[in-house]
Amino acid sequence: MHYNMMIIGAGVTGCALARVLSRYEGSLAVLDRGYDVAEGASKANSGIVHAGFDAKPGTLKAKLNVRGANMFPGLCEELGVPYSQPGALVIGFDEEDRRTLLNLVEQGVQNGVEVRLLERDQVLELEPNTNPAVECALYAPTSGLTSPYELTFALADHAAVNGAEFLLGEEVASVARTGGLWQVTTDKNIYTCEILVNCAGISSAKIHNMMSDDKKTVIPRRGQYYLMDRMANLPFHMTMFQCPTKMGKGVLVSPTVHGNLLLGPSAEDIPDEKDVSTTAEGLAFVMDKCRLTWPQATIRGAITNFSGIRAHEQDGDFIIGKVAENAYETVGIESPGLSSAPAIAEMLGAQIAAEQNLQAKGEIVPAPKRSKPFSHMTDAERAKAVAENPLYGNLVCRCEVVTEAEIREAIRRPVGATTVDGVKRRTRSGMGRCQGGFCSPRVMEILAEELGIPMTEVTKCGGESYLLSGRVGEKEEQK
Amino acid sequence: MNVDVLVIGAGPAGLAAAIAAKEDGIHNLLVLERESAPGGILKQCIHNGFGLHRFGEELTGPEYAQKDIDRAEELGITIQCDTTVLSVSEDKVVTCVSREHGFQEIHAKAIVLAMGCRERPRGALGTPGTRCAGIYSAGTAQKLVNLMGYMPGKRCVILGSGDIGLIMARRMTLQGAKVLACVELMPYSSGLNRNIVQCLEDYDIPLYLSHTVVDIHGKEKLTGVTVAQVDANRKPVPGTEMEFDCDTLLLSVGLIPENELSVGAGVNLSAVTSGAEVDDTLQTNVPGIFACGNVLHVHDLVDHVSNESFKAGLSAAQFAKGEFAVGETVAVLDGQGVRGVVPQRICAGAGRAVELMFRPAGVYRNAVCVVKCGDNIVARKKAPIFTPGEMVVVKLPEDVVAGLSGDLTVSVEGGQ
């Protein structure tokens, strides 16, 4: 199969770039080993839109974070993705922390970010549940929150309605130059393309090294998190950071854009880039460290734990640009990768369009309109919604208040859900305090119906993740 | 729409409450049920053992439920199914949604909360490992097997020895799956003793007490779990790990009353039971809002649920008719060895007989449950064994209630 352009990686970076490139003439495909988009770091991170004080001035990270963060409110509005801007504090406990924070303030000012230092009383006034031993804090009012996977889905949908194809569940085995084209061999197919872009996240160095003699190394750095139940009165309304260390931004305590509380991440360099398990030690580390910010933290209220893998490039900055003839890349996109994604796509998209003489399409299809979640509707809006579509009257997920109408819509989106996890991340069905105990059997039935497959073929997250082994009373098959 | 009594939930609690209210003369009565049929969780409890106390016979869950469904039908009670309540307000305005009736706002004179409970998920335990397919709460697996006709897997480990987990150990075995072990964190089971005998011992399924699952393996589909012994502080003991190859892990690690709607109505919850705090009429702190069944506190036997819910339904009926008055109340407090006595308050002046219910905080042999008012013992109950798996019911006769002069403390004394 041949495409003019191919992107390897359907994370937030790959999908943001696909959205930009889909505005130009030419066929475009996005390839990912995951069975859905956003299956790597984009589904499991802190969901913070960083203000941009953290990155060293002059680096790509600094430039793209600040630009990306500025793009976020408009982009989320356009795509119908949740975004809020509660601000952030980075808290310090002693003179050494104060020096670190003053440096960060200085850096923030150089990066053009609104930041200032607050003293203990001001911190406790803003966030009374902060550890009273706090001395001072950096305050960044423009720090934001988003839903990283919902953003990725929306970017993918927008690219898809403008012609991008998504080739999911295929892992790249090799990339080679043949006959003036790039040949991409996966575990299932062989593709050729004129222009190839590597947005492979945690595997970006592997793909890079297939295209270049200048070898790169990306270290899988795992971060484990606890997610706490939504509550009426969250202990913190801002994102609470601790002073950064060389392993990252420290453990944060933050509301999520959906009103849960997130604790984490740990930071462990691990050998297996696909190992997203959590460990007793990692979770204990998170709980222990977050008590520095929030002494009252306990596991009570936890509804799940998870881990994500950051793509840490050893030289520390993003690597973005041309890598070989007609080949481009984004390597080492770790934090602030989510915040930077729109700006990375904008910058690299412009470079590719200019260098490859891409022709802008005459007409660009606007982003598909996202229905307001039933859970966010007023009574009057709910009455209207169910009057127009009775499936809004069938509540499937009681914890997160998700209706059958929304679940069917999630499956029918341009890049629709094909798995229970896919439905969960698109609708929040199963994201709540019972973690799918009540809704998952019904979600499985709806998926089977919409996809035209038997219940026993429904998976949690694709591949071999079958949820049922067979019918009751079915004879054991002979092996 | 205006109703006199609105019952939320048509499980055993809601059905009993509705029957009692109707029998007390409430005709403008509505029951809202989110599922397609009444009966609640009993619909999927196809094993027998229900109804021994109330009917003197061993019924299956659906048979038990059917008796109340038939009675409700006989009385002409309206049960509106496929309807999910979205909110309950302090002034007893309820919003709900259904495919058939759309969005509705219902004004009630009295409300009975009978929403039941949900299962604690894996995340609440903080169990590490992968997030693969094949991990279910026992009740979800019971629904898949008994109502939908699907098997979640073929080789199964059960974490937690709550009753649903024990019942599912037997059910999975009878359907040809291999149940490798039932693993319980505590040194005792939280399930009924009869279920340990009939569901584990009869099928040679080992019960590992003071053990827990410390790791979960499998990238896409569950491939196994690591089980380890725990010490007195429930911390895993290194070196005691056992590996089980399994494709299914069922969790039976506790039930939580489902009170999100109650909180929205301003109902105060007990930190111990996670249910509403009620007086002996089953009224919450919000006048005219009553609670019963597993939304109030997690019961061991449905017979107790029905019994409690008849009272709640009667109270709601009297409230709706304006015949309801609560006088001064005394508090009922948890003493040593007692967790979550319900009701938390008693109207002494009313002089009604009261049943106190609670779960023991541990296993006590040859102990005695004592109810004290100040230094006076007002009730005692002896038993060869008190365990957290079986609720203790202590009756306070009318004359005792009428004579109460202050707060009560319930404790388990003596024994070990």
Side-chain angles (χ1 to χ4, degrees), chain A residues 224 226-227 232 274-280 282-283 287 299-306 374 379 382-387 390-395 398-399 401 403-404 420 433-438 440-441 445 455-456 459-474 476, chain B residues 34 82-84 86-87 95 97-105 118-137 139-140 143-154 175-177 214-222 236 247-248 251 256 258 260 263:
Chain A
Q224 304 190 29
Y226 271 113
L227 185 70
K274 293 179 184 171
D275 182 7
V276 287
S277 58
T278 54
T279 64
L283 293 173
M287 193 48 78
I299 192 189
R300 199 179 159 93
I303 54 175
T304 190
N305 56 67
F306 63 90
F374 189 74
D379 285 355
R382 285 173 171 178
K384 185 164 174 278
V386 67
L391 292 185
Y392 274 107
N394 286 348
L395 215 87
R398 57 180 83 158
C399 304
V401 194
T403 64
E404 183 175 338
V420 171
R433 48 185 70 90
C434 91
Q435 288 285 295
F438 286 114
S440 61
E445 284 181 333
M455 282 282 279
T456 46
T459 65
K460 178 175 185 287
C461 49
E464 296 296 311
S465 65
Y466 297 109
L467 286 156
L468 302 169
S469 65
R471 300 284 312 192
V472 165
E474 206 170 52
E476 184 81 18
Chain B
R34 61 190 154 207
D82 290 315
T83 303
T84 306
L86 299 168
S87 68
T95 64
V97 70
S98 65
R99 190 173 175 160
E100 196 183 337
H101 303 276
F103 182 90
Q104 290 170 287
E105 189 178 282
R118 63 167 176 270
E119 299 178 279
R120 268 177 97 202
R122 166 191 176 186
L125 311 177
T127 308
T130 57
R131 293 191 298 153
C132 49
I135 306 168
Y136 288 101
S137 57
T140 306
K143 179 173 186 180
L144 289 168
V145 175
N146 291 351
L147 292 184
M148 297 169 73
Y150 290 97
M151 291 293 285
K154 294 171 181 164
Q175 287 303 326
V214 293
D215 207 355
I216 292 172
H217 314 287
K219 285 220 155 109
E220 293 174 349
K221 179 77 184 172
L222 183 67
D247 61 9
T248 309
L251 303 182
I256 306 167
E258 197 157 53
E260 283 66 33
V263 171

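Quick note on labels: first sequence line is chain A, next is B, and so on, each numbered from 1. Since the structure is predicted, the reported quantities are computational estimates derived from the model, not experimental observations.
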Option that, when pairs with chain A are counted at under 4.5 Å, heavy atom only, ranks first among [options]:
options                                  : value
Gly149(B), Cys132(B), Ser137(B)          : Gly149(B)
Thr83(B), Ile256(B), Val214(B), Thr84(B) : Thr84(B)
Gly129(B), Gly102(B), Ala124(B)          : Gly129(B)
Glu260(B), Met151(B), Lys221(B)          : Met151(B)
Leu86(B), Val145(B), Thr95(B), Ile135(B) : Leu86(B)

Compare every heavy atom of [Y] with every heavy atom of [X], then report the nearest pair and how far apart it is.
X         : Y         : value
Arg99(B)  : Asn394(A) : CB-OD1, 3.4 Å
Met148(B) : Arg471(A) : O-NH2, 3.9 Å
Ala133(B) : Ser465(A) : CB-O, 3.4 Å
Ala383(A) : Phe103(B) : CA-CB, 3.5 Å
Arg118(B) : Cys434(A) : CD-CB, 3.6 Å

Non-hydrogen atoms of chain B under 4.5 Å away: do they reach the side chain of [X], the backbone, both or neither?
X         : answer
Arg300(A) : side chain
Val472(A) : both
Ser440(A) : side chain
Leu283(A) : side chain
Ala387(A) : neither
Tyr392(A) : backbone
Lys384(A) : neither

Item to check | Any donor-acceptor N/O pair, Thr304(A) side chain to Gly123(B) backbone, under 3.5 Å | outcome: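 Not at all, since once roles are kept as given, no pair shorter than 3.5 Å links the two residues.
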
Next on the checklist: For Arg131(B), is there any backbone N or O sitting under 3.5 Å from a side-chain donor or acceptor partner on Lys460(A)?
Outcome noted: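 A pair under 3.5 Å: yes.
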
Next on the checklist: Just to verify, what does Ser277(A) make a side-chain contact (heavy atoms from CB on, under 4.5 Å) with, not counting sequence neighbours?
Outcome noted: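 If we apply the side-chain contact (heavy atoms from CB on, under 4.5 Å) test to Ser277(A), skipping adjacent residues, the hits are Arg222(A), Asp275(A), Thr130(B).
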
Checklist entry - Taking every heavy-atom pair that is under 4.5 Å apart, which of Gly437(A), Gly393(A), Gly436(A) has the most such pairs with chain B? => result Gly393(A)

Checklist entry - Which one, Gln435(A), Arg382(A), Glu445(A), leads in non-hydrogen pairs under 4.5 Å with chain B? => result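 Highest number of heavy-atom pairs under 4.5 Å: Arg382(A).
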
Checklist entry - Do Pro441(A) and Thr140(B) have side-chain heavy atoms sitting under 4.5 Å apart? => result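 With C-beta onward as the side chain, the pair touches.
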
Output the distance between atom [atom1] ([X]) and atom [atom2] ([Y]), rounded to the nearest 0.5 Å.
X         : Y         : atom1 : atom2 : value
Tyr136(B) : Leu467(A) : OH    : CG    : 4.0 Å
Glu220(B) : Tyr466(A) : CD    : OH    : 9.0 Å
Arg120(B) : Arg433(A) : CZ    : CZ    : 15.0 Å

Checklist outcome for this item: The interface call for Thr127(B) against chain A, heavy-atom contacts under 4.5 Å, is backbone

Checklist entry - Going by an N to O cut-off under 4.0 Å, is there a salt bridge joining Glu258(B) and Arg398(A)? => result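 Salt bridge: yes.
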
